[in-house]
Amino acid sequence: DRPGDPNVEIYAMDADGSNVRNLSNSPGGDHDPRYSPDGSRIAFQTNRDGNWAIYVMNPDGSGQTRLTFGSTADELPAWTADGRIVFVSNRDGNPELYVMDADGNEVSRLTEDSAVDWFPAPAPHGDAVAFMSDRDGTFDIYTTTTRGGPVKRVTDSPTADVWPIWSPNANDIAFSRWNGANFVLHTVHKDGT
């Protein structure tokens, strides 16, 4: 957030740090902005309507449109390579991954487990989605597809492996691993080697 703002907003600026501008400009908290693959839209989460919901807007902040309307939290939107949006929702009782069209239609669940499935990271091409889950006792990195399966475990550590992000060629996943004192950056091939 910026000095003088009563809440968290989404800002943009030029690459040199100039021309800072408030894009979301709402009374609620606005978080986790992600540009669409073609740069024409920004997905983000906001609680401006009382609970966390997924919205989209144009790159200049205009055209803010609500996409999810449930009474539970919908969070962490991320664009797939084919222009859909993966997100986390509690709508079925615990945090699971879902995917929807860019207009909010055709919502389907990608994961189904009693554990926490969190922080979806779609690959830059293809249909793979990396995410973190504690389904085996500690947070590790897993993958699935935008078609909903299968779920594959990529890391297996006794400490937390979190915050996955794909390499540009979609062959590797970078993530943070807790070493007992700090988070340390690691990479792993998408097949777990």
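For reference, positions follow the sequence shown, starting with 1.
Side chain of E96 to main chain of D117: no donor-acceptor pair is present (N/O by atom type, distance under 3.5 Å, no hydrogens or angles).
Residues G61 and Q64 share a closest heavy-atom pair of O-NE2, 3.0 Å.
Residues N90 and W52 fail the side-chain proximity criterion, which asks for heavy atoms closer than 4.5 Å. Contact check for M100 versus N105: no side-chain heavy atoms found under the 4.5 Å cut-off. You'll find the side chain of N7 stays beyond 4.5 Å of the side chain of P27, heavy atoms only. The shortest distance between side-chain heavy atoms of Y142 and R135 falls below 4.5 Å.
Atom CG of D49 and atom OG of S26 lie 8.5 Å apart (nearest 0.5 Å). Rounded to the nearest 0.5 angstrom, D32 CG and Q45 CD are separated by 4.5 Å.
For T143, there are no side-chain hydrogen bond (donor to acceptor under 3.5 Å, both in side chains) partners at least two apart in sequence or on another chain. Considering only residues two or more places apart in sequence or on other chains, D82 meets the salt bridge (Lys or Arg N to Asp or Glu O under 4.0 Å) condition with R84.
Residue pairs satisfying the ring-ring contact (aromatic ring centres under 6.0 Å, His included) criterion with at least one member in residues 146-174, sequence neighbours excluded, are listed as follows: F119-W163. Note on residues 179-193: no pairs pass salt bridge (charged side-chain N to carboxylate O under 4.0 Å, His left out), not counting sequence neighbours. The ring-ring contact (aromatic ring centres under 6.0 Å, His included) contacts involving residues 62-85 comprise nothing, where partners must be two or more places apart or lie in separate chains.
Clustering of Ile, Leu, Val, Met, Phe, Trp and Tyr side chains at separations under 4.5 Å places I42 together with I10, L23, Y35, F44, Y55, M57.
The side chain to side chain contact (heavy atoms under 4.5 Å, CB included) test with F87 singles out one residue from L76, T68, L110, V99, and that residue is T68.
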Does E9 form a side-chain contact (heavy atoms from CB on, under 4.5 Å) with T46? I'd like the steps, not just the answer. CA-CA 9 Å; E9 299 285 357; T46 180; over 6 Å; no

